[in-house]
Amino acid sequence: MNDFWVTILDFCQVTTSKVGKQLMLDFGQVQADQKADGSLVTKADKWADQEIRNAISSQFTEHGILSEESDQTFPGKEWCWVIDPLDGTTNFARGIPIWGISIGLLYQGTPIFGYVHVPPLNQTFHGFLPGYSGVETPTGAFLNNHPIRTSKDDVSGNHFFNLCSRSTGIIQPGFPCKLRMLGVASYNFLTVATGAVLGGVEATPKVWDIAGAWVILQAAGGCWISLKNQPFPLISGTDYSNIPFPTMVVSNAQMESVFTPFLTGVKL
């Protein structure tokens, strides 16, 4: 791995570890407020956002930043960080231990590196997608620095498929897997990357929900299926605060035909 990626990995590890330690102290202890779009936000979200943005601005002065809690317009910089400082705020505020810090590093509007730290579970994911930039980029997806791959299993009633709260219309007679709802878009997709789950649907994720997981899921061998808008590359000057990217992910391309017929009940 070249020095550029060593620097990026070290930065993400140090920054998310620091932020994650403070978030663990606030976990389940803070009051949540409702934003205009109906989602929740806490003072912990805002603090984490400021800490991560300050760290990026200090070390990568030429890079842009796109964040759920502040800068929501893509600046069009060659390199740009997309951050969700606290993915799973509702879980966080209610004391449910599935939430994380999600980061994607984009080159010319397309993620080539993803990093997701899940403090309550002691899990850290990262991955690389070469071929989208002129920089020599490693390959692979990792959980706690161990390589991960999606499942090669056939569909069965003893396998899992993940939903979000807005995609329950997929539940129809004959659905072939057990269903789970984790409450965190990035972790929904990452469980597919690890092979624990065969697929998942998110009806309304925003770009900061998916930028990091988009890389890791595909680097692990999974298939990303955009159900409406293609998320990447991002467009310079576009405000992404109200643009959802409905998505289905599956462990391999052959699974798409199995689950697609059930999407008719999902409002996109």
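One-based numbering along the sequence shown.
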Would you tabulate the side-chain donor-acceptor contacts of residues 251-260 under 3.5 Å, counting partners in other chains and residues two or more places apart, or write 'none'?
from, atom 1, to, atom 2, distance (Å)
S251, OG, S151, O, 3.4
N252, OD1, Q254, N, 3.1
N252, OD1, M255, N, 3.4
S257, OG, Q254, O, 3.3
T260, OG1, E256, O, 2.6

[X]: side-chain contact (heavy atoms from CB on, under 4.5 Å) partners, not counting sequence neighbours:
X	answer
P138	M1, W5, F128
N122	none
N229	I243, F245
S156	N158, H159

Examine [X] and [Y] and state if one hydrophobic cluster contains both, with Ile, Leu, Val, Met, Phe, Trp and Tyr joined whenever side-chain heavy atoms are less than 4.5 Å apart.
X	Y	result
F232	I235	yes
L86	M24	yes
V6	L105	yes
V201	L179	yes
F92	I96	no

Pairwise side-chain contact, [X] with [Y], heavy-atom cut-off 4.5 Å (strictly under):
X	Y	answer
V250	I225	yes
L227	M248	yes
P231	V207	no
P85	E69	yes
T264	Q172	yes
Y115	W81	no
K206	Y240	no
L66	I83	no

Over all atoms of both residues, closest heavy-atom pair of [X] and [Y]:
X	Y	result
C177	V155	SG-CG1, 3.7 Å
P120	P97	CB-O, 3.6 Å
N188	G200	OD1-CA, 3.7 Å
G222	T150	N-CG2, 3.5 Å
E68	Q72	O-NE2, 2.6 Å
S236	G76	OG-CA, 3.6 Å

[X] (side chain) donor-acceptor with [Y] (main chain) under 3.5 angstrom:
X	Y	result
T15	F11	yes
S17	V14	no
T194	T191	yes
Q13	L9	no
N91	W99	no

- Message: My understanding is that a hydrophobic cluster links ILVMFWY residues whose side chain heavy atoms are under 4.5 Å apart, including indirect links. Using that, what else belongs to the cluster containing L190?
- Response: I98, V116, V118, L121, F125, L143, I148, L182, V184, Y187, I216

- Task: In sequence, state the C-alpha distance, the side-chain angles, and the governing distance for Q218 and L129, and then conclude on side chain to side chain contact (heavy atoms under 4.5 Å, CB included).
- Result: CA-CA 8 Å; Q218 294 180 94; L129 274 185; 3.9 Å; yes

- Query: Run the side chain to side chain contact (heavy atoms under 4.5 Å, CB included) check on V215 and I112 step by step: do they pass?
  - Reply: CA-CA 6 Å; V215 173; I112 63 172; 5.8 Å; no

- Query: With a 3.5 Å cut-off and no angle check, do the side chains of Q123 and N144 form a donor-acceptor pair?
  - Reply: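 No - no donor-acceptor pair under 3.5 Å links their side chains.
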
- Here the salt bridge (Lys or Arg N to Asp or Glu O under 4.0 Å) pairs for residues 4-22, sequence neighbours left out, are K18-E51

Just how far is it from atom [atom1] of [X] to atom [atom2] of [Y], taken to the nearest 0.5 Å?
X	Y	atom1	atom2	value
F160	N162	CZ	CG	9.0 Å
K77	Y107	NZ	OH	14.5 Å
S70	I65	OG	CD1	7.5 Å
M181	T168	CE	OG1	6.0 Å
D84	D49	CG	CG	9.0 Å

Qualifying residues under side-chain hydrogen bond (donor to acceptor under 3.5 Å, both in side chains), relative to [X], sequence neighbours excluded:
X	result
D87	S186
D3	none
T204	R166

- Message: Check for me whether the distance between the ring centres of W224 and F189 falls short of 6.0 Å.
- Response: yes

- Task: Could you check V192, I210, T247 and say which one makes a side chain to side chain contact (heavy atoms under 4.5 Å, CB included) with L217?
- Result: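 Running side chain to side chain contact (heavy atoms under 4.5 Å, CB included) over V192, I210, T247 with L217 returns exactly one hit, V192.
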
- Query: Who passes ring pair (Phe, Tyr, Trp, His ring centres under 6.0 Å) against F142, sequence neighbours left out?
  - Reply: H126

- Message: Among residues at least two apart in sequence or on other chains, which ones pass salt bridge (Lys or Arg N to Asp or Glu O under 4.0 Å) with D71?
- Response: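 For D71, the residues satisfying salt bridge (Lys or Arg N to Asp or Glu O under 4.0 Å) (neighbours in sequence not counted) are R53.
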
- Query: Taking the six-membered ring for Trp, are F262 and F175 parallel (under 30°), tilted (30 to 60°) or perpendicular (over 60°)?
  - Reply: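 Geometry flag for F175 against F262: perpendicular rings.
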
- Query: Per the ring-ring contact (aromatic ring centres under 6.0 Å, His included) rule, which among F113, F60, F4 passes with W79?
  - Reply: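 Going through the options one by one, the only one that passes is F4.
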
- Message: side chain to side chain contact (heavy atoms under 4.5 Å, CB included), that's the test. Do I103 and T16 meet it? Break it down for me.
- Response: CA-CA 9 Å; I103 297 174; T16 61; 3.8 Å; yes

- For T238 and T73, what are the C-alpha separation, side-chain angles and deciding distance, and is it a side chain to side chain contact (heavy atoms under 4.5 Å, CB included)? CA-CA 5 Å; T238 298; T73 298; 5.8 Å; no

